[in-house]
Every structure is written in C-alpha cells, then in structure tokens.
Amino acid sequence: MPELPEVEFAARRLRTWAVGRTVSAAEAEPGSPLRDVTPEALAEGLTGRRFEGVRRHGKLLMIDLSGDRVLLSHLGMTGKWLRSKPGDTPRAGTRVQLALDDGARLDYVDPRRLGHLRWLPADEARRHPMVTGLGPDALEICATAGGLAEQLDWSKRAIKVALMDQSLVAGVGNIYAAEALWMAGINPFVRACDLEPDDYARLAAAIARAMTESLDRERDGEIRYIQDRAAQNPFEIYGRTDAPCPRCRAAIMRVLQQQRSTFYCPVCQPDR
DNA sequence: CTTATCCCCTGCCGGC
DNA sequence: TGCCGGCAGGGGATAA
C-alpha cells in the first residue's frame, strides 16, 4: 500500500522510536515475509544491536544497526512498523516483534505477507539488487530540472506504466501516478517517448506536489490508508470512479492498465 | 535488452 | 445469512 510519502513517514517515525535504542529481545513468525533468512537467524541477529539510523530510497527502508548490519524493509502492500508495549496483544498480521531497551516494542505488521525483510551485512546490502535496481528517488529527481524526462522519455510504454517502474524512478505507485498525471493534464496511455519536455516539467512538479501534500497531511497523525469510503479518501481522483472531476465535473474513468486500476479524467487528460 | 503476464497472500465488500 | 468473485497503494519470476 505505501508509496513514497507513506514510507517516508514510516522512516521518520522509526527514527524517533528506535534510533539510539537497543534490541533486547526479538521474535519473528515463521512464514513471515522474511527473505533469505530464517525467523531464528533474524531474531538472533537483531538481539543486542543498536539502531543507528533509518534511510529511505523510493519505497525501500534501509535500517542501519550496530556492527555494520542492515535490515532492508519493503512494506509491500500492507506492511507497517508500529510501536506498542511489551504486554500488548499483537494485532492481526504481526510478523516480527522487537523489544527495545526503553520498554517499548516495535512490531512489523504485514497481513498479506507481500513485504520483504532482508538481514544483511552493510556491504552486501549496498550491493543488493533490491537497492541497486532502484532508479533515482522520485522526490529528488522531480526537483532536478529535466531529471524526470531523462529517466523516462526513451520508453515506449504508457507513461503511467513507465512512471511506476521502480528501476526508472523509485517511489511512485498506483495512487501518485494517477494523481500526478491528472494534475499535469496528461493521459495515462500516452507513450512516455511521446511527451514533450514541457509535459515532463509539469509532471515532475505534480509528483512533488502530490507527495508533499500527503507528507504534510500525515505529519502529525498515524498513517491511514483509504478504505473506499469516499469521505475519507484524501485524493483528487484516485478511487473516485464516476465521481465528478474536481476541475471540469466530467465523470472520472476507471480502466485497467497492466492489471492495475488507472483513474483519469477523459476531458482534462485527453488522448493525443 | 525491454515488455507483458502471471503469481504471491490476506481481508473486505457488494451482489446474488 | 452465506458464499463467491472482484479488488486492494507491492514486487518477483518467467516468457516472448
């Protein structure tokens, strides 16, 4: 579920909760989203380590621990890091529990198990395809003049599909692709190679704006994913099939693109 | 090489 | 009321 803003928010919370703290006990569930590490090895590896920092690139969290070890954490569709107390009953979908030396507990919760956790020496983490396979971070590249176009304008795929390819630009998912293309007035099916430099400039600004707005909205609250309840949906067009376009009142369309829902306004985002 | 398709998982919702 | 299909913000593996 999380895209760049939600993962950034998770990184900030993890920093305040964990950096400087030491893991006093760890427990991981078999069958959890652990990759290339057993629950026992992860729990044993984490115990006694101190959190040194939390970095984010695109949707990937890189959690640095003492002794030059890194926990790579990708939240997938339903992953979250939450703080609780040692006695609390774990909420459904809890896969990892870390007791910290300040008396708090860190829980990795991932009901659908589509997330990824990897436990690696720092140098291996740096070289891991999960890290090296990512394109530039979306917020950074969108702040660079011409940067977004340089990443995408050679591709013959639909701009929405190319935008969501994490090896080209890291951090844009289904929601922010829809929101940004709507803000920029670009049809999601136009080939990336057919967009003009001016289109890319508007698109980069739109991505930055859509993501920044979410970060501002989430600053003081808990991450809250939309439920299909229109009243809670904070987005302009995502999830709003048949609702009037906020700009022109035409009905928002929902179509499938690469097996994922694409939302757009047929009037504000015309074919070309 | 790039691109398209299927698959992985669980939970919720609306329709019959 | 209960079952069933569709859908969900993720990426990886595989085939063309």
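Chain naming here is simple, since letters A, B, ... match the order of the sequence lines and numbering starts at 1 in each.
Atom SG of A/Cys245 is separated from atom CD of A/Glu236 by 8.5 Å, given to the nearest 0.5 angstrom. Rounded to the nearest 0.5 Å, atoms OG (A/Ser24) and CG (A/Leu46) are 11.5 Å apart. Distance CD1/A/Ile186 to CG/A/Leu195: 5.0 Å, rounded to 0.5 Å.
The salt bridge (Lys or Arg N to Asp or Glu O under 4.0 Å) contacts involving residues 158-172 of chain A comprise A/Arg157-A/Asp165, where partners must be two or more places apart or lie in separate chains. Among pairs with a residue in residues 131-145 of chain A, those fulfilling salt bridge (Lys or Arg N to Asp or Glu O under 4.0 Å) read A/Arg56-A/Asp137, at least two apart in sequence or across chains. Counting only residues at least two apart or on different chains, the salt bridge (Lys or Arg N to Asp or Glu O under 4.0 Å) pairs with a member in residues 262-272 of chain A are A/Asp199-A/Arg272.
Of the P atoms belonging to B/dC9 and C/dC3, the separation is 24 Å, rounded to the nearest Å. Going from the P atom of B/dC12 to that of C/dG11 covers 23 Å, rounded to whole Å. Rounded to the nearest Å, the gap between the P atom of C/dG9 and that of B/dT3 is 22 Å.
Between A/Glu213 and A/Arg217 there is no salt bridge, since no side-chain nitrogen of the basic residue lies less than 4.0 Å from a carboxylate oxygen of the acidic one.
Comparing C/dA8, C/dG11, C/dG9 against the side chain of A/Arg112 picks out C/dA8 as the nearest. Distances were taken from every side-chain heavy atom of A/Arg157 (C-beta onward) to each of B/dG11, C/dG9, B/dT3; the shortest belongs to B/dT3. Closest to the A/Ser155 side chain, of the nucleotides C/dG9, C/dG11, B/dT3, is B/dT3.
Follow the hydrophobic side-chain contacts under 4.5 Å out from A/Phe263 and you never reach A/Met253; the two are in separate clusters.
Between the CD1 atom of A/Ile175 and the C1' atom of C/dG9 there is a distance of 4 Å, given to the nearest Å. One interatomic measurement links the two molecules: CD of A/Glu8 to C1' of C/dG9, which rounds to 17 Å at whole-angstrom precision. Between the C1' atom of C/dA13 and the CZ atom of A/Arg35 lies a distance of 12 Å, rounded to the nearest Å. Regarding A/Asp110, its CG atom lies at a distance of 12 Å from the C1' atom of B/dC8, rounded to whole Å. Atom CG of A/Leu152 is separated from atom P of B/dT2 by 13 Å (rounded to the nearest Å). For the pair A/Arg95 CZ and B/dC9 P, the computed distance is 11 Å after rounding to whole Å. In this structure, A/Leu75 atom CG and B/dC8 atom P are separated by 22 Å, rounded to whole Å. Taking atom OH on A/Tyr176 and atom P on C/dG9, their separation rounds to 13 Å, with Å as the unit.
Residues passing the side-chain hydrogen bond (donor to acceptor under 3.5 Å, both in side chains) test with A/His128 are A/Arg118, sequence neighbours excluded. With sequence neighbours excluded, the residues satisfying side-chain hydrogen bond (donor to acceptor under 3.5 Å, both in side chains) with A/Asp101 are A/Arg21. Checked against side-chain contact (heavy atoms from CB on, under 4.5 Å), A/Asp198 has the following partners two or more places apart in sequence or in another chain: A/Arg202. For A/Thr38, the side-chain contact (heavy atoms from CB on, under 4.5 Å) partners at least two apart in sequence or on another chain are A/Glu40, A/Ala41.
Within residues 252-262 of chain A, the residues having any heavy atom under 4.0 Å from DNA chain B are, by residue number, A/Gln258, A/Gln259. Of the residues in residues 113-133 of chain A, those with a non-hydrogen atom less than 4.0 angstrom from any atom of DNA chain C are A/Leu114, A/His116. Listed in residue order, the members of residues 161-171 of chain A having a heavy atom less than 4.0 Å from DNA chain B come to none.
Between A/Lys156 and B/dT3 there is no side-chain polar atom (N or O) within less than 4.0 angstrom of OP1 or OP2.
Base-pairing analysis of DNA chain C finds the following stems of at least three consecutive Watson-Crick or G-U pairs, with both pairing distances under 3.5 Å: B:2-8 with C:10-16, B:10-16 with C:2-8.
Ring geometry for A/Trp81 versus A/Tyr108: interplanar angle of 30 to 60°, hence tilted.
Using a 3.5 Å distance cut-off with no hydrogens or angles, the side chains of A/Ser214 and A/Tyr176 do pair a donor with an acceptor.
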Extract all donor-acceptor atom pairs below 3.5 Å that involve side chains of residues 60-70 of chain A and protein atoms in other chains or at least two apart in sequence.
residue: A/Asp64; atom: OD1; partner: A/Arg55; partner atom: NH2; Å: 2.9
residue: A/Asp64; atom: OD2; partner: A/Arg55; partner atom: NE; Å: 3.0
residue: A/Ser66; atom: OG; partner: A/Arg50; partner atom: N; Å: 2.8

